[in-house]
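The figures that follow rest on heavy atoms only: side chains count, while hydrogens, waters and symmetry mates do not. Residue numbers start at 1 and run along the sequence shown.
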Amino acid sequence: MIRTSILLATASSFAMALCGTASADAVFNRIASFPVNTNLPADADQASPTSAEIVTATQDGMTLIYSDSPGKSVGFVDIADPKNPKAAGMVRLEGEPTSVAVAGQKVLIALNTSKSKVDPSGVLLTMDVAGKAIDKSCDLGGQPDSVAISPDGSIAAVAIENERDEELNDGEIPQLPAGFVAIFKLKDGAADCDSRIMVDVKGLAAVAGDDPEPEYVDINSRNEIAVTLQENNHIVLINGNDGKVIGHFSAGAVDLTGIDTKSDGAIAFTGEKKAVAREPDTIQWLDDDRLLVANEGDYKGGSRSFTIFARSGEVLHESGTDFEQRAAQAGHYPDKRSKSKGIEPEGAEVKSFGDTNYMFIMAERASLVGVYKDTGAAPEFSQLLPAGLSPEGIIAIPSRNLLAVANEVDLGEDGGVRSHVTLYSYAEGVAAYPTIVSGRDEKDAPLGWGAMSGLTADPEKPGILYGISDSVYAGQPRIFTIDANERPARITAAMPITRGGQPAQLLDLEGIVVDGKGGFWLASEGRSDTMVPHGILHVNDKGEIDKSIGLPEALAHGESRFGFEGITAIGSGDDLTLWMAVQREWAGDEKGFVKLVSYNPKSKEWGAVRYPLDKVENGWVGLSEISLHGDQVYIIERDNQIGAAAQLKKIFKVAVADLKPAKLDGPLPTVSKVEVRDLLPDLRSMGGYVLDKVEGLTFDSTGTGYVITDNDGVDDSNGETIFWSIGKL
């Protein structure tokens, strides 16, 4: 038996509480993910960056409209069939759109036309939705950020940020010209340019009061405008009818405990920070007397939380670390942001579905949406929703039981994920995400995890698995115990991997298999340029490394960084043979063929066979896992493509009888493979884009197969991990 070194909560009710599942309740589930680059004209460079930043919806809820700053355009998405969103075109603009909002049959577009930070300018465009034609352009007198329309459609407010230059004097403020708030009267949805009111908000904040930088605006049913001055850590209330300031207060600061403060390849919620300025980004009226803010931070603060204020400035609720810790338990904690602002809650939406008023909080760095129910007092956590990479804008459409999230980051130029708009449906059912969560340790701290790169199963206990994470968490290598009998699956223990009593260093663990004696064999993928050696390790039931086996020269001389990606064991005792899958071709390998490498711990003999790879049009193909089941070894073969570009994510099998290794310095026999399962339909059925790294595969004691994806530790990734059963093969 594995000796667990971290004891975690075991009640199944915890896992249900984490994801908000309830058999008869209404929940939000992702139903589609629309890549916004598909809105590009046919004659455009399809690899050019696009973005969905702020999103809104037409009055009938049938069309989404989003701002695309790098593309200098606004895009349209037809969601008449929300499970099958369609490209509805884009309109090029003479500047960078920063925000969009619908008023009747018009859409207002805040457009940044600034020549420089010291010479800011912008306009408010009125576009006819049906004709996609600009009806009017109103001068704003500065660089806009957010635009909002009053519930009765009578006025619009624009936050004129006149943002600072972060490269100038290390971004210190004040940096003039100062920002302000612009108000326009609307007629039939169009802005009346002559009605513009410029609201001076200087001299209110204690932080650089002469240089306010309005960030986000929202308007309640009384036509009262709430605006955040993010860098100034201040909130201002304005009468939208006459532009008079009717209230203002500091957003304040919080003491944070139980947070990760080191970007060190380890997740440890043991740190603290004192007097952290909230510096809210988005602000939303919960009703006419309460305000919700998402505390992203941008200057010197960022409290990783959301806060509910009374209009007087009294704090009615402070979420503290609740959202961030829930993100960590779902595998979405961005360790690289630990020193600064953690998950960075940035965007928010408030809307009622049925009798429930919901608060939707978006975490930019965790790529998650936290759903909370507004109780009038402390909010009630409901569920977590997976988003695309870096959610920025959000719009709820209660009339159609829909929620849409705009995800701004586009990594297409680097072969990564494109920007998307994600759609969710509100209906009775069970929350589909997360698919795997962790508990909490004996000190009630969440067990952070991610980058799950390999799986193996307990030889006796059905549904009990063990996972390993890769070099993303090189400062904290661990073996995770997973109870797949729970829904979602639950990480119940984590065992540190040590060498000489300290966390083992210079490892990139990509494969794991039980040794039948309570310990494990591990495969480490090497990389010479970072001094990480290729090799095989054995750990005992305490996680201590007691054997380290390097590669023989006959194999090592052709090394690349795409090394062992899985390990399995065939036989026992003196006849035990370990088999490792090499991900890609090494020097000397024929193109399209990789090695399955064997090692006998007793005789210390190495050998290999050749494995033929499938071919794809783009990218490369390699192996991600090898797992024994019955008289076959099952192998994950995949390309390195993501989203719509993904072509190959499959499981193949090779008969054990065909694994007849030859010596490494001679010709190698080629094995035959048989396709077992195409995983692309599985991945597409989950409503998001196809994830790149399908990395773990194992079979439990009943023969049930399980697969898991590697989320790269939320590094250039949306943090999503999909864990699912493929049943018995």
Exercise. Carefully, step by step, assess E565 and V594 under the rule side-chain contact (heavy atoms from CB on, under 4.5 Å).
Key: CA-CA 12 Å; E565 279 281 328; V594 294; over 6 Å; no
Practice problem: Apply side-chain contact (heavy atoms from CB on, under 4.5 Å) to the pair Y599 and L551, showing each step before the final yes or no. | Solution: CA-CA 10 Å; Y599 177 74; L551 302 189; over 6 Å; no
Quiz item: How many angstroms lie between atom CZ of R304 and atom CD of E344, to the nearest 0.5 angstrom?
Solution: 9.0 Å
Exercise. State, with a plain yes or no, whether a side-chain heavy atom of R677 is found less than 4.5 Å away from one of I726.
Key: yes
Quiz item: Distance-only, no hydrogens or angles: does the T435 side chain make a donor-acceptor pair with backbone N or O of F723 under 3.5 Å?
Solution: yes
Quiz item: If you measure from CH2 on W586 to NE2 on H534, what distance do you get to the nearest 0.5 Å?
Solution: 4.0 Å
Quiz item: Going by atom types only, do D410 and T50 share a side-chain donor-acceptor pair under 3.5 Å?
Solution: yes
Quiz item: Ignoring hydrogens and geometry, is there a side-chain-to-backbone donor-acceptor pair from E413 to A47 under 3.5 Å?
Solution: no
Quiz prompt | No-hydrogen, no-angle side-chain donor-acceptor test under 3.5 Å, D260 and S338 | solution = yes
Quiz prompt | Any donor-acceptor pair under 3.5 Å from E695 side chain to G454 backbone | solution = no
Quiz item: For the residue pair Y634 and H629, does the interplanar ring angle fall in the parallel (under 30°), tilted (30 to 60°) or perpendicular (over 60°) class?
Solution: tilted
Self-check item: Backbone of E617 reached by a side-chain donor or acceptor of Q647 within 3.5 Å
Solution: yes
Self-check item: Pairwise distance CD(E590) to OG1(T670) - rounded to 0.5 angstrom
Solution: 8.0 Å
Quiz item: Hey, are D692 and R638 close enough for a salt bridge, meaning a charged N less than 4.0 Å from a carboxylate O?
Solution: yes
Self-check item: Within residues 546-582 or reaching into it, pairs that qualify as ring-ring contact (aromatic ring centres under 6.0 Å, His included) - sequence neighbours excluded
Solution: F562-W620
Self-check item: Any donor-acceptor N/O pair, R30 side chain to M686 backbone, under 3.5 Å
Solution: yes
Quiz item: Can you name the closest pair of heavy atoms from G467 and I512 and give their distance?
Solution: O-CD1, 4.4 Å
Quiz item: Any idea which heavy atoms bring K660 and V609 closest together, and the distance?
Solution: O-CG1, 3.6 Å
Exercise. Identify the two heavy atoms, one from A327 and one from A366, that lie closest to each other, and give their separation to 0.1 Å.
Key: CB-CB, 4.4 Å
Practice problem: Spell out, as yes or no, whether a donor-acceptor pair under 3.5 Å connects the side chain of N711 to the backbone of G719. | Solution: yes
Quiz prompt | Partner of V539 under side-chain contact (heavy atoms from CB on, under 4.5 Å), chosen from I497, D546, D515 | solution = I497
Quiz item: Within a strict 4.5 Å, meaning less than it, do heavy atoms of the W521 and T456 side chains meet?
Solution: no
Quiz item: Can you check side-chain contact (heavy atoms from CB on, under 4.5 Å) on L465 and D458, steps first, answer last?
Solution: CA-CA 6 Å; L465 316 177; D458 190 287; over 6 Å; no
Exercise. Indicate yes or no for a side-chain donor-acceptor contact from T568 to the backbone of L628 under 3.5 Å, with no hydrogens or angles considered.
Key: yes
Quiz prompt | Side chains of S367 and N407, donor plus acceptor under 3.5 Å | solution = no
Self-check item: Beyond-backbone contact of W724 with I722, side-chain heavy atoms, under 4.5 angstrom
Solution: yes
Practice problem: Give the minimum heavy-atom separation between A662 and P667, together with the two atoms involved. | Solution: CB-O, 3.6 Å
Self-check item: Expected output: side-chain D710 to main-chain S453 donor-acceptor under 3.5 Å
Solution: no
Practice problem: Decide yes or no for V514 and P459: does some side-chain heavy atom of the first lie under 4.5 Å from some side-chain heavy atom of the second? | Solution: yes
Quiz prompt | Nearest-0.5 Å distance that lies between atom CE in M580 and atom CG in L623 | solution = 13.0 Å
Practice problem: Report yes if some heavy atom in the side chain of S624 is under 4.5 Å from a heavy atom in the side chain of Q583; otherwise report no. | Solution: yes
Self-check item: K693: which of T721, D712, T709 passes side chain to side chain donor-acceptor pair (under 3.5 Å)
Solution: D712
Quiz prompt | Rounded distance [0.5 Å steps], CG in L596 versus CG in L668 | solution = 10.0 Å
Quiz item: To the nearest 0.5 Å, how far apart are CG in D700 and NZ in K461?
Solution: 13.0 Å
Quiz item: Quick one: do E637 and K673 make a salt bridge, cutoff under 4.0 Å?
Solution: yes
Practice problem: Answer yes or no: is there a donor N or O on one side and an acceptor on the other, between the side chain of E525 and the main chain of D508, under 3.5 Å? | Solution: no
Quiz item: Under a 4.5 Å cut-off applied to non-hydrogen side-chain atoms, are L509 and D470 in contact?
Solution: no
Practice problem: Report yes if some heavy atom in the side chain of I436 is under 4.5 Å from a heavy atom in the side chain of I482; otherwise report no. | Solution: yes
Quiz item: Is a side-chain N or O of D335 found less than 3.5 angstrom from the main chain of G265, in a donor-acceptor match?
Solution: yes
Quiz prompt | Closest non-hydrogen atom pair between A494 and R478, with its separation | solution = CB-CD, 4.1 Å
Quiz prompt | I536 side chain reached by L578 side chain, heavy atoms, under 4.5 Å | solution = yes
Quiz item: Which of parallel (below 30°), tilted (30 to 60°) and perpendicular (above 60°) describes Y689 and H420?
Solution: tilted
Quiz item: So does R561 pair up with D529, basic N to acidic O under 4.0 Å?
Solution: no
Quiz prompt | Criterion side-chain contact (heavy atoms from CB on, under 4.5 Å) on D441 and L447, from CA distance to verdict | solution = CA-CA 7 Å; D441 64 20; L447 173 64; over 6 Å; no
Self-check item: Heavy-atom pair with the smallest gap, counting every atom of I636 and G696
Solution: CD1-O, 3.7 Å
Exercise. Determine, for D678 against K649, whether the closest basic-nitrogen to carboxylate-oxygen distance falls under 4.0 angstrom.
Key: no
